[in-house]
Amino acid sequence: MKKVLSVLLAVVMAFSVVTLFAACSKDAKTDDTAKDNTSSNTAAEVADIDFIKQKDKLVVGITEYKPMNYKDAEGSWTGFDTEFAQAVAEKLGVEVEFVEINWNNKFNELNTKNIDAIWNGMTITDEVKEATDVSEAYAENAQVVVMKSSNLDKYQDAASLKDLSIAVEGGSAGEKAAQAAGLTNLVVSDTQALALTEVASGSADACIIDLTMANSMTGEGSGNPTLGFSIKLEAEEYGVAFRKGSDLTAKFNEIKKELIADGTLDKLAEKYEITIIK
């Protein structure tokens, strides 16, 4: 009888241990799951403002585009958008880092967090609105056709350009303006500056670039005194692109108003000959 009781007691104890172990394991798994879920939720709730403050840096994607972003004599970035970005970063309490990107890959660079903003005289288009959260417009612009000044009288409208080779920056508003005008003999360059170089060197008959760049880099007193423009294809507005759902968009709009109110943007606009939108 004692032997039977001993066996029964051993079975009960073993069952209790197994049950307790299973319960503990379940609790541990639940805790781990809770931790994973908490971690996942936290990651999902981290806003871009928090993200840039954690790394103490706003990374801005650009191309070399005078007068918006270009290198000075010391090799440092300068320009309207450069100083504008620095002023915004100061308001955010972070540093700003400028990273040259391939303009055709700008949305991928943004979404993979290689950069935090696309800020480089970027035209606000339906494509930009669909792919990003874009800020309020801050400057006016247009696409213009640059060529040898001696040829300006010969070419008066887009239709007269159909037999010319036209240099454009790939993925730019200039390329889209050329396509919209029915121009098909395009020389695609990596940047607007290179498109302008194609014309200066004679590799292309003309280029389509932003009015802001054309004002700065063609005509008397510029680096391209023999080049000029007369044909304007499309009026447009510039904005800054952030990731979809980013809280940086509203914050940028707020800071932009502050920089207009205190005169900062007016001073930059005068310095770089930009028409700002208030």
Between the side chain of R243 and the main-chain N/O of L110, is any donor-acceptor distance below 3.5 Å? yes
Check for a donor-acceptor pair, side chain of D262 on one end and backbone N or O of T264 on the other, with a separation under 3.5 Å. yes
Would you name the heavy atoms of C207 and I209 that are closest together and state the gap between them? SG-CG2, 3.8 Å
If you round to the nearest 0.5 Å, how far is CG of D247 from CG of D50? 7.0 Å
Please indicate whether K71 has more than 12 foreign heavy atoms, meaning atoms of other residues, nucleotides or ligands, lying under 6.0 Å from its NZ. yes
Side-chain contact test, heavy atoms from C-beta onward, threshold under 4.5 Å: evaluate it for L92 versus I52 and give yes or no. yes
Answer with yes or no whether the side chains of T123 and E236 bring together a donor and an acceptor at under 3.5 Å. yes
Full working for side-chain contact (heavy atoms from CB on, under 4.5 Å) between I124 and K129: CA-CA 7 Å; I124 299 175; K129 290 177 181 177; 3.6 Å; yes
Going by side chain to side chain donor-acceptor pair (under 3.5 Å), name the pairs with one or both residues in residues 205-217, residues two or more places apart or in two chains. Y65-D210, Y65-T212, N141-D210, Q143-D210, S165-D205, Q192-D210, D210-Y238, T212-Y238
Check for me, please, whether L265 and I255 land in the same ILVMFWY cluster - side-chain distances under 4.5 Å, paths through other members count. yes
Can you list every pair that meets side chain to side chain donor-acceptor pair (under 3.5 Å) and has a residue in residues 252-261, with sequence neighbours left out? K91-E258, E136-K256, E136-K257, K251-E254
Please determine whether a side-chain nitrogen of the Lys or Arg among K57 and E97 lies less than 4.0 Å from a carboxylate oxygen of the Asp or Glu. yes
Is the backbone N or O of V240 less than 3.5 Å from a side-chain atom of S135, with the two atoms forming a donor-acceptor pair by type? yes
Do V88 and W119 have side-chain heavy atoms sitting under 4.5 Å apart? yes
Ignoring hydrogens, what is the shortest heavy-atom contact between A167 and E198? Give both atom names and the distance. CB-CB, 3.9 Å
Test side-chain contact (heavy atoms from CB on, under 4.5 Å) on E95 and L58; report intermediate values, then the result. CA-CA 6 Å; E95 298 295 321; L58 173 68; over 6 Å; no
Within a 6.0 Å radius of atom CG on D56, are there more than 12 heavy atoms belonging to other residues, nucleotides or ligands? yes
Any donor-acceptor N/O pair, S172 side chain to G174 backbone, under 3.5 Å: yes
Answer yes if M213 and L186 sit in the same cluster of Ile, Leu, Val, Met, Phe, Trp and Tyr residues linked by side chain heavy atoms under 4.5 Å apart, and no otherwise. no
Identify the heavy atoms of A158 and L233 that sit nearest to each other, and give their distance. CB-CD2, 4.0 Å
Go through the structure and list residues passing salt bridge (charged side-chain N to carboxylate O under 4.0 Å, His left out) with D190, not counting sequence neighbours. none
Heavy atoms, side chains only, cut-off 4.5 Å: are L211 and F229 in contact? yes
State whether the number of non-hydrogen atoms from other residues, nucleotides or ligands found under 6.0 Å of E90 atom CD is greater than 12. no
Do the side chains of Y155 and L164 get nearer than 4.5 Å, heavy atoms only? yes
Indicate the atoms forming the closest heavy-atom contact of V145 with A206, along with that distance. CG1-CB, 3.9 Å
Aromatic F51 / basic K113 pairing, under 6.0 angstrom, 45° off normal: yes
Within the distance-only criterion (no hydrogens, no angle test), does the side chain of T197 pair as donor or acceptor with the backbone N or O of A193 below 3.5 angstrom? yes
Side chain proximity check, K278 to I260, heavy atoms < 4.5 angstrom: yes
Please identify which of these residues, D116, I115, V59, meets the side-chain contact (heavy atoms from CB on, under 4.5 Å) condition with E109. I115
For residues G79 and Y70, report the shortest heavy-atom separation together with the two atoms involved. CA-CE2, 3.7 Å
Using the ring of each side chain (for Trp, its six-membered ring), is W77 parallel, tilted or perpendicular to F98, with breaks at 30° and 60°? tilted
One should read off an interatomic distance between L161 CG and L183 CG, to the nearest 0.5 angstrom, of 5.5 Å
Is there a side-chain contact between I62 and D81 in this structure, where contact means two heavy atoms from C-beta onward sitting under 4.5 Å apart? no
Do the ring planes of F84 and F252 sit parallel (below 30°), tilted (30 to 60°) or perpendicular (above 60°)? tilted
Show, in sequence, the C-alpha distance, side-chain angles and deciding distance for I276 and D266, and conclude whether the side-chain contact (heavy atoms from CB on, under 4.5 Å) test is met. CA-CA 8 Å; I276 62 172; D266 282 325; 3.4 Å; yes
Nearest 0.5 Å, please: how far is CG in L196 from OG1 in T191? 9.5 Å
Give a yes or no on whether K232 atom NZ has more than 12 heavy-atom contacts from other residues, nucleotides or ligands under 6.0 Å away. no
According to a 4.5 Å side-chain heavy-atom criterion applied to Ile, Leu, Val, Met, Phe, Trp and Tyr, with indirect links allowed, do L259 and V94 form part of one hydrophobic cluster? yes
When you measure from the side chain of S76 to the backbone of D72, do you find a donor-acceptor pair of N or O atoms at a distance under 3.5 Å? no
Quick one: salt bridge (Lys or Arg N to Asp or Glu O under 4.0 Å) pairs with a partner in residues 160-185, sequence neighbours left out? E127-K176
I118, I49: one ILVMFWY side-chain cluster at the under-4.5 Å cut-off? no
For residues 147-154, which side-chain donor-acceptor pairs fall under 3.5 Å, sequence neighbours excluded?
unit_1	atom_1	unit_2	atom_2	d
S149	OG	T226	O	3.1
S149	OG	L227	O	3.4
S149	OG	G228	N	3.4

Which is it for Y138 and E237 under the side chain to side chain donor-acceptor pair (under 3.5 Å) test, yes or no, and what are the steps along the way? CA-CA 7 Å; Y138 66 85; E237 296 179 335; over 6 Å; no
Check whether any side-chain heavy atom of V96 sits under 4.5 Å from a side-chain heavy atom of V60, and report yes or no. yes
What distance separates M68 CE from T63 OG1, expressed to the nearest 0.5 Å? 10.5 Å
Report the distance from atom OG1 of T125 to atom CD of E234, rounding to the nearest 0.5 Å. 10.5 Å
Which atom pair, heavy atoms only, marks the closest approach of I208 to A178? CD1-CB, 3.6 Å
Under 4.5 Å between side-chain heavy atoms, counting indirect links through other Ile/Leu/Val/Met/Phe/Trp/Tyr residues: same cluster for I166 and V199 or not? no
Please list, one pair per line, the donor and acceptor atoms closer than 3.5 Å that link side chains of residues 99-107 to other protein atoms, with sequence neighbours excluded.
unit_1	atom_1	unit_2	atom_2	d
N102	OD1	N104	N	2.9
N104	OD1	G171	N	3.2
K106	NZ	W103	O	3.2

Under a 4.5 Å cut-off applied to non-hydrogen side-chain atoms, are V168 and S189 in contact? no
Under 3.5 Å, side chain of S222 to main-chain N/O of N224, donor-acceptor pair present? yes
side-chain contact (heavy atoms from CB on, under 4.5 Å) partner of K244, chosen from D133, N111, T132: D133
